[in-house]
2 protein chains.
Amino acid sequence: MTVVGRFSTRPLYLQVKDMLIQRIAAGAWKPGAAIPNEIELSRELGISVGTVRKALDEMESERLISRRQGRGTFVIDQTSNEHAVRFSNIRDANGIRITGEVESCSVAAAAASDVESRRLQLRTGEPIFHIHRVRTHNDAPLMVEDATVPQSRFPGLPQEEDVTLSIVVLAHRYGVLLARAEEKVGATAAKGGIAKALKVAEGTPLLTLDSVVYAIDGRPIEWRVAHCHLSDDHYLAEMS
Amino acid sequence: MTVVGRFSTRPLYLQVKDMLIQRIAAGAWKPGAAIPNEIELSRELGISVGTVRKALDEMESERLISRRQGRGTFVIDQTSNEHAVRFSNIRDANGIRITGEVESCSVAAAAASDVESRRLQLRTGEPIFHIHRVRTHNDAPLMVEDATVPQSRFPGLPQEEDVTLSIVVLAHRYGVLLARAEEKVGATAAKGGIAKALKVAEGTPLLTLDSVVYAIDGRPIEWRVAHCHLSDDHYLAEMS
DNA sequence: AAGTGGTCTAGACCACGGA
DNA sequence: CCGTGGTCTAGACCACTTA
């Protein structure tokens, strides 16, 4: 039996949450698998069920687990279709989130420039990867994107053949749990290589997305600048 | 003493929440005022403190109240600067949400067209108001917007001199509590009257916002189409 | 010091899902 | 039927704010 919280002022339920998050990130339970029930967890930790419940409730609201009455509590599979697109606000005509399919892709190692280190909260010169992608949807060009990620979080990335993956799936493979993203949206005129890649005339208005994805520890994981040409698709922001 | 929940299967804490929301919408407590403490509410309703607490926790997450340890629980003032801009994703250079200042404004009564009735979940022909506004920020044109609201929710609106108000403040005056909004974002080229109003050349890429604001009962309150020219400002979407 | 919300406990019973 | 999470209770003590 593990007793938590004896020497910390951090609320017990947050300590429980921290510990469970760590266990999930470490892969103690596979995605989709059930975790021990409330009673069992409370016994294991030597605390009350209500405290475990509060930790689990918060984790559910952060999309780390899914709880269903009568069935149990399950680790969410971040790589599933449903969750892999959670940081894309682009939706098809049916309102389904899409990311498109990667048509071409290239990776290069580099040192962080001033602006890159600022957006990713690194020191200038820290090693990073640049990932360039062209995405299509229904065989039509959808977007051109340039992503930057810190090498420290994705060691050995260029060896992987997985740079076509969405950041959600990629982060999952490297044991990074994602929490949220911020995306600046703008309108600019297509020009040069971007117009060519998207097969539109120069001057066509494009949606530009400048987004940063943050891990559960609050640190930035990916900075991405994308230029999109949306035909049957649209960008949908939700506010509450 | 009021006893709730005897003849309903709806969870007690949701009934409590419903009742408190109704009281707030009815103006039983003024914005910014403290509501009775947990113990008092639980005694008044003849239920446990934990149940009251669960209702209040949900209401806080929906921005209806604000709770502060040692002070009390307060009704949020939706008309305050902080909350009046909550459905605008446009931010200034400092990252502060802005809506701009209304430069010109006009209102007209009309019957809902097909598309309007669809977006606002009305029947075609139901009475609506059209509100046209031009907004500036720092003396530069910011956006041209056309809003549509159902007359049923805002009886006698044209008599008011308040059509320059944001939908959040307006809804508050008519006893409507807002919950969330959805906004389609696109990029189009400026033309005609819109280019003139925004003082930009024809063909300039503009951000178009097509948004619907929903009340706490889930029904649409406002449909708005805006064309924005953002110079020092930007549009920021947050995802989680 | 008094009053508030925040945390934590240790139960009880209910609603749901699957065997 | 059993096991799960969901609701609800009735307390205790703590941390914070204000007077």
Side-chain angles (χ1 to χ4, degrees), chain A residues 1-21 23-24 29-30 32-76, chain B residues 1-21 23-24 29-30 32-76:
Chain A
M1 176 167 116
T2 309
V3 178
V4 278
R6 208 186 285 273
F7 303 113
S8 168
T9 68
R10 185 164 168 82
L12 242 188
Y13 73 93
L14 290 179
Q15 297 180 48
V16 172
K17 194 175 128 182
D18 293 343
M19 191 212 55
L20 292 174
I21 287 176
R23 284 198 199 173
I24 290 177
W29 300 294
K30 297 299 160 216
I35 74 177
N37 68 43
E38 299 174 342
I39 310 255
E40 203 169 321
L41 282 173
S42 70
R43 262 205 301 265
E44 181 200 343
L45 301 170
I47 62 178
S48 159
V49 188
T51 303
V52 170
R53 168 165 280 276
K54 182 149 183 176
L56 294 175
D57 281 348
E58 286 209 355
M59 290 172 67
E60 181 170 43
S61 78
E62 292 169 13
R63 303 182 209 229
L64 293 169
I65 59 175
S66 146
R67 324 186 69 201
R68 267 173 295 175
Q69 191 177 29
R71 295 200 53 200
T73 301
F74 305 85
V75 178
I76 281 191
Chain B
M1 179 167 115
T2 311
V3 178
V4 279
R6 208 183 286 271
F7 303 112
S8 168
T9 69
R10 185 165 169 80
L12 243 188
Y13 73 93
L14 290 179
Q15 296 180 48
V16 172
K17 193 175 128 184
D18 293 343
M19 191 211 56
L20 292 173
I21 286 176
R23 284 196 198 175
I24 291 175
W29 301 295
K30 298 298 160 216
I35 74 177
N37 68 44
E38 298 173 344
I39 310 242
E40 203 169 321
L41 282 173
S42 70
R43 261 204 302 264
E44 179 200 346
L45 301 170
I47 62 178
S48 157
V49 189
T51 303
V52 171
R53 167 165 281 276
K54 182 149 184 177
L56 295 176
D57 282 348
E58 287 209 355
M59 290 173 68
E60 181 169 42
S61 78
E62 292 169 13
R63 302 180 210 233
L64 294 169
I65 59 176
S66 144
R67 324 186 70 201
R68 269 173 294 174
Q69 190 178 28
R71 295 200 54 199
T73 301
F74 304 85
V75 178
I76 280 189

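Every value quoted in this text rests on a predicted model; they were computed, and no experiment measured them. Below, read A as the first sequence line, B as the second, and so on, with proteins coming before strands; counting in each chain starts at 1.
- For B/Arg67, the side chain to side chain contact (heavy atoms under 4.5 Å, CB included) partners are B/Glu38, B/Arg53, B/Leu56, B/Asp57, B/Glu60, B/Ile65, B/Thr73, not counting sequence neighbours.
- The side chain to side chain donor-acceptor pair (under 3.5 Å) test applied to B/Asn37 returns no partner, not counting sequence neighbours.
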- Base-contact (B) and sugar-phosphate-only (S) positions in nucleotides 2-10 of chain C, heavy-atom cut-off under 4.0 Å, - elsewhere: -BBBBBSBB
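- Residues meeting the side chain to side chain contact (heavy atoms under 4.5 Å, CB included) test with B/Ser61, sequence neighbours left out: none.
- Scanning for side chain to side chain donor-acceptor pair (under 3.5 Å) contacts around B/Glu62 gives B/Lys17, with sequence neighbours left out.
- The side chain to side chain contact (heavy atoms under 4.5 Å, CB included) test applied to A/Ser42 returns A/Val49, A/Val52, not counting sequence neighbours.
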